[in-house]
2 protein chains.
Amino acid sequence: MRELGPRAREIVATAREVLESEGPRALTMRRIADELGIRAPSLYKHVPHKTALETAIVVDGFQEAAQRFEAAVDGAADPLGAFVDAYRAFAAAHPHVYRLMTQRPLPRDDMPPGLEARTAAPLLRAVGSPQRARAAWAFVHGMTVLELDARLPDDGVTEDAWREGIAAFRPPPPAAGRPEEH
Amino acid sequence: MRELGPRAREIVATAREVLESEGPRALTMRRIADELGIRAPSLYKHVPHKTALETAIVVDGFQEAAQRFEAAVDGAADPLGAFVDAYRAFAAAHPHVYRLMTQRPLPRDDMPPGLEARTAAPLLRAVGSPQRARAAWAFVHGMTVLELDARLPDDGVTEDAWREGIAAFRPPPPAAGRPEEH
DNA sequence: CGCGTTCGGCTAACGGTGTTAGCCGATGGT
DNA sequence: ACCATCGGCTAACACCGTTAGCCGAACGCG
């Protein structure tokens with residue numbers, strides 16, 4: 001993947017703004033060009049195709065998410081709970097970007113190496129084992145998309161489901177004497 | 001939602017075949033018409049728009065899924081395990097239909113009333129409580145889409161994650177004396 | 001029988017999409 | 001002073017969903 005020039009970064013930034021404020025159907029080459037006071041074909045002087053634009057948005061999204069997750073888990077008394085809060089907050093703040101990041105196979109070849117692992121690391125540390133991390137990730141992602149798509153009734157039960165799932169995947173206390181409060 | 005005539009049912013059936021065999025990008029009005037030896041505009045004599053076609057595929061998918069889930073759970077020794085097996089089998093057999101069923105808000109207004117609840121019922125029975133059902137559904141759906149999109153490494157750990165999640169959401173044994181084997 | 005309606009095809013066309021080809025003025029290096 | 005590169009531009013293509021309007025065949029019915 002070619003490195004993006006400064007004009008390309010501008011294009012990606014306005015593309016992300018369009019996506020976040022008006023959703024994926026509005027994310028059109030002509031629309032992006034309009035926003036920049038430019039014609040659509042000129043975009044191709046900076047970006048090879050629309051997919052590369054979407055990939056760049058996804059990469060930015062992962063970078064931002066990774067930062068938030070690391071900051072949330074760092075030194076938290078309840079790392080899993082903190083991670084889940086940060087995860088939900090990210091998805092709620094950038095639902096269209098979140099969907100773009102998750103609703104298709106990852107463009108791994110066009111992503112900085114290590115970024116995927118970096119994003120996954122805080123959860124891994126929060127729950128202990130890799131298989132538990134994958135299960136917990138699946139739960140959190142599942143809840144998130146079901147909520148984004150309004151598949152779950154908006155009653156208190158959904159919040160209970162969050163609690164139930166978090167409790168199910170929280171690592172057991174480190175061994176010794178005092179039990180944890182709940 | 002208008003009831004679909006017999007020709008419309010044929011159209012939906014070939015649309016589903018195209019979707020299942022070649023994916024959503026191939027699901028084109030012209031492509032469907034071709035398959036039927038017909039021109040694209042003629043489809044609109046039977047179906048109001050493409051979205052209605054997709055909705056019909058989704059409804060068929062839910063009906064088939066509901067049947068499979070009911071059959072799987074019915075009288076099973078481990079209802080949750082049986083449900084998960086049936087769920088994964090359905091998604092693996094019809095990945096594109098599964099995505100269509102889950103990757104967008106449900107077209108509830110154009111679905112037979114009760115179908116959504118019927119599809120959800122087997123899992124609800126299998127785990128006991130509604131909040132546990134939602135959490136378990138999120139986990140199963142999350143694992144499924146992550147696997148469909150090849151987001152999880154294809155090692156044994158993912159299978160462990162399935163086991164871990166299932167164990168986490170299995171209802172406690174009914175009370176009395178003898179412990180279950182594992 | 002004849003008539004009118006409805007049905008289910010058709011062609012032509014519109015506006016929108018991503019994308020390519022090719023032109024051209026400005027900028028900047030040698 | 002020249003030439004190349006950069007970053008715009010217009011025109012156009014193929015494909016998409018969809019609409020308008022035509023037309024032959026089939027059918028109900030007086």
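Computed over heavy atoms, backbone and side chain alike; hydrogens, waters and symmetry mates excluded. Worth saying up front: this structure is predicted, and the values here are computed from it rather than measured. Here is how names work: the chains are called A, B, and so on, in the same order as the sequence lines, proteins then strands, and each is numbered from 1.
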B:Arg7 side-chain N/O to C:dG8 phosphate OP1/OP2 under 4.0 Å: no

Over 12 non-hydrogen atoms of neighbours within 6.0 angstrom of CZ in B:Arg16: yes

Separation of C:dT17 P from A:Arg39 CZ (nearest whole Å): 14 Å

B:Asp160: salt bridge (charged side-chain N to carboxylate O under 4.0 Å, His left out) partners, not counting sequence neighbours: B:Arg163

Pairs flagged by salt bridge (charged side-chain N to carboxylate O under 4.0 Å, His left out) wherever residues 79-97 of chain B is involved - sequence neighbours left out: B:Arg88-B:Glu147, B:Arg88-B:Glu159

Five-pair end axes of the helix from C:dC1-D:dG30 to C:dT30-D:dA1, angle between them (10°): 10°

Any residue meeting side chain to side chain donor-acceptor pair (under 3.5 Å) with A:Glu22, in chain and number order, not counting sequence neighbours: A:Arg31

Residue list, side chain to side chain donor-acceptor pair (under 3.5 Å) with B:Asp149, at least two apart or on another chain: B:Arg99

Protein-to-nucleotide contact annotation, 5' to 3' order, nucleotides 12-22 of chain D [B base; S sugar-phosphate only; - none; under 4.0 Å, heavy atom]: ----BBBBB--

If you restrict it to nitrogen or oxygen atoms, what contacts under 3.5 Å exist between nucleotides 24-29 of chain C and the protein, and what is each distance?
none

Phosphate OP1/OP2 of D:dC9: any A:Ser42 side-chain N/O under 4.0 Å: yes

Any pair counted as ring pair (Phe, Tyr, Trp, His ring centres under 6.0 Å), so long as it reaches residues 7-59 of chain A, sequence neighbours left out: none

Phosphate OP1/OP2 of D:dG8: any A:His46 side-chain N/O under 4.0 Å: yes

Non-hydrogen side-chain atoms of B:Phe83 and B:Trp137 separated by less than 4.5 Å: no

Of all pairs that satisfy ring pair (Phe, Tyr, Trp, His ring centres under 6.0 Å), the ones with a partner from residues 108-128 of chain A, not counting sequence neighbours: none

Side chain to side chain donor-acceptor pair (under 3.5 Å) involving B:Arg108 - partner list, sequence neighbours excluded: B:Glu116

Nearest-Å distance for atom pair CG/C1', residues B:Leu43 and C:dT11: 15 Å

Sequence neighbours excluded - salt bridge (charged side-chain N to carboxylate O under 4.0 Å, His left out) pairs with any residue from residues 120-146 of chain B: A:Asp155-B:Arg134, A:Glu164-B:Arg132

Those residues that, when tested against A:His94, pass side chain to side chain donor-acceptor pair (under 3.5 Å) (two or more places apart): A:Glu20, A:Glu64

